Amino acid sequence: MKIVSYNVNGIKARLPRLIEYLTEQQPDVVCLQELKSADEGFPEADIRAAGYGAVWHGQKGFNGVAILAKGADPVERKRGLDGEPEDEHSRYIEAEVNGVTIASIYLPNGNPVPGPKFDYKLRWIDRLSRQALTLLAEERPVVLAGDYNVIPNDDDTFSVRAMASDALMQPESRQGYRALLAQGWTDALRTRFPTGGVWTFWDYQAGAWQRDAGFRIDHLLLSPQAADRLISAGVDKEYRGREKASDHAPTWVRLRG
DNA sequence: ATGACAGAGTGCCTCTGA
């Protein structure tokens, strides 16, 4: 069972790339982020024609998350996180697919630091952690997949110096991520590449892709019951080099069953 | 210290992202 996290940076602009990816890789589940589309603009028919059912939580212009499943309709369990009823950002959706609970997560970027956006990021990590604890208590296979906007370790970026003042690498951001892992989640890519050097994002600017100046911010966190089934994990890096690519590459795990 | 890309809406500039 191949489960993918893919920040598409605009579902409309990326639709040909996404359909191409589904056709070529035939992943079982794909968690999308940054749809940048209202609910009614989601290209459900194109995705269904490619063989995938979907649930989505859109928003005009920014944010937006979705979960796709091959030959199945994901059963939605939750959209949005508890704790801030006034928060209207579409950043979390959770569904059941073939006995696995899947969440598609788009954690706030948080720049500039300091400021209200950074404060929102840290609060959002806390809210996610509360939901994660609830899921762990169910003692079932769970995959929390998404763009976490956190560079967990120094070896998860091409340059510590270049990113030092960025919200993605602040001690508070990392602490929030570590606290989440400490609940009992497994960072699947980290187990596969424990010394780092694997990127999931390359900026469009300054020739970052050509220089391989990337970092790892897209993560798949596994509950113990999912981690027991982990076969492999990786990044489908070549899709970042294609025409009209997203600035993120699809990042994935393969689970038994 | 600065700017460079890209997508989408407020649309040919502005806002946001990472």
Side-chain angles (χ1 to χ4, degrees), chain A residues 5-21 31-43 46 56-66 87-92 104-122 124-125 128 145-154 156-174 176-177 189 196 198-219 235 237 239-251:
Chain A
S5 182
Y6 187 15
N7 179 323
V8 289
N9 188 18
I11 185 74
K12 295 186 192 79
R14 212 65 60 213
L15 189 58
R17 278 289 87 82
L18 175 63
I19 299 299
E20 177 182 75
Y21 182 75
C31 296
L32 302 177
Q33 301 88 31
E34 274 206 274
L35 302 178
K36 296 186 174 182
S37 165
D39 278 337
E40 55 270 28
F42 187 81
D46 300 271
W56 61 94
H57 189 197
Q59 182 177 347
K60 190 171 79 171
F62 306 99
N63 305 323
V65 286
D87 181 6
E88 295 184 341
H89 288 203
S90 297
R91 298 180 175 275
Y92 184 90
S104 182
I105 288 161
Y106 180 44
L107 207 145
N109 170 295
N111 280 306
V113 181
K117 291 186 176 181
F118 188 59
D119 297 340
Y120 172 60
K121 174 178 194 158
L122 298 181
W124 206 92
I125 295 176
L128 175 63
D147 176 358
Y148 282 72
N149 273 314
V150 175
I151 297 170
N153 312 283
D154 284 355
D156 288 317
T157 173
F158 75 102
S159 168
V160 168
R161 189 174 163 185
M163 301 302 294
S165 61
D166 197 287
L168 279 58
M169 234 182 70
Q170 293 311 296
E172 298 94 327
S173 306
R174 287 179 161 181
Y177 185 76
L189 267 284
V198 174
W199 320 141
T200 66
F201 171 90
W202 295 258
D203 203 302
Y204 288 124
Q205 302 180 54
W209 169 249
Q210 288 74 15
R211 295 188 291 123
D212 198 28
F215 35 87
R216 188 174 75 98
I217 52 175
D218 300 276
H219 308 305
V235 181
K237 183 176 176 179
Y239 288 86
R240 176 60 182 85
R242 296 199 183 185
E243 192 182 343
K244 293 282 285 179
S246 169
D247 40 6
H248 296 250
T251 305

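In what follows, every chain begins at residue 1, and chains take the letters A, B, ... in the order their sequences are listed. Values in this document were obtained by computation on a predicted structure and should not be read as measured data.
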Quick one: side-chain contact (heavy atoms from CB on, under 4.5 Å) partners of [X], sequence neighbours excluded?
X         : answer
Trp199(A) : Phe158(A), Trp202(A), Asp212(A)
Ala167(A) : Asn111(A), Val113(A), Phe118(A), Lys121(A)
Ala13(A)  : none

Within 45 degrees of the ring normal and closer than 6.0 Å to the centroid, is that where the cationic atom of Arg174(A) sits relative to Tyr177(A)?
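Not satisfied by the 6.0 Å and 45° rule.
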Report the residues that fulfil salt bridge (Lys or Arg N to Asp or Glu O under 4.0 Å) with Asp46(A), sequence neighbours left out, ordered by chain and then residue number.
none
Residue list, salt bridge (Lys or Arg N to Asp or Glu O under 4.0 Å) with Arg240(A), at least two apart or on another chain:
none
In whole Å, what is the span from the [atom1] atom of [X] to the [atom2] atom of [N]?
X         : N       : atom1 : atom2 : result
Tyr106(A) : dG7(B)  : OH    : P     : 14 Å
Leu15(A)  : dA8(B)  : CG    : P     : 11 Å
Gln33(A)  : dA18(B) : CD    : C1'   : 14 Å
Glu34(A)  : dA6(B)  : CD    : C1'   : 10 Å
Arg14(A)  : dG17(B) : CZ    : C1'   : 13 Å
Tyr120(A) : dG17(B) : OH    : C1'   : 14 Å
Gln59(A)  : dG17(B) : CD    : P     : 10 Å
Gln205(A) : dG3(B)  : CD    : P     : 11 Å

Looking at every strand, decide which applies to [X] at a 4.0 Å heavy-atom threshold: base, sugar-phosphate, or nothing.
X         : value
Lys117(A) : sugar-phosphate
Asp147(A) : sugar-phosphate
Asp203(A) : base

Just the atom pairs and distances: protein N or O near nucleotides 9-12 of chain B's N or O, under 3.5 Å.
unit_1	atom_1	unit_2	atom_2	d
dT10(B)	OP1	Lys60(A)	NZ	3.4

Under 4.0 Å from OP1 or OP2 of [N]: is there any side-chain N or O of [X] that close?
X         : N       : value
Lys244(A) : dA6(B)  : no
Tyr204(A) : dG3(B)  : no
Asn149(A) : dA18(B) : yes

Nearest-angstrom distance, [atom1] atom, [N] to [M]:
N       : M       : atom1 : value
dG11(B) : dT16(B) : C1'   : 15 Å
dT2(B)  : dG7(B)  : C1'   : 23 Å
dG17(B) : dC12(B) : P     : 22 Å
dA1(B)  : dA6(B)  : C1'   : 24 Å
dA4(B)  : dG9(B)  : C1'   : 23 Å
dT14(B) : dA18(B) : P     : 22 Å

Look at the side chain of Thr200(A) and the backbone N and O of Ile217(A), then say whether any donor-acceptor pair between them is shorter than 3.5 Å.
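Looks like yes, one N/O pair under 3.5 Å.
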Within the side chain of Ser37(A), is there an N or O that forms a donor-acceptor pair under 3.5 Å with the backbone of Ile11(A)?
no
Between Ala206(A) and Ala13(A), name the one whose nearest nucleotide on DNA chain B is closer to the 5' end.
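The 5'-side residue here is Ala206(A).
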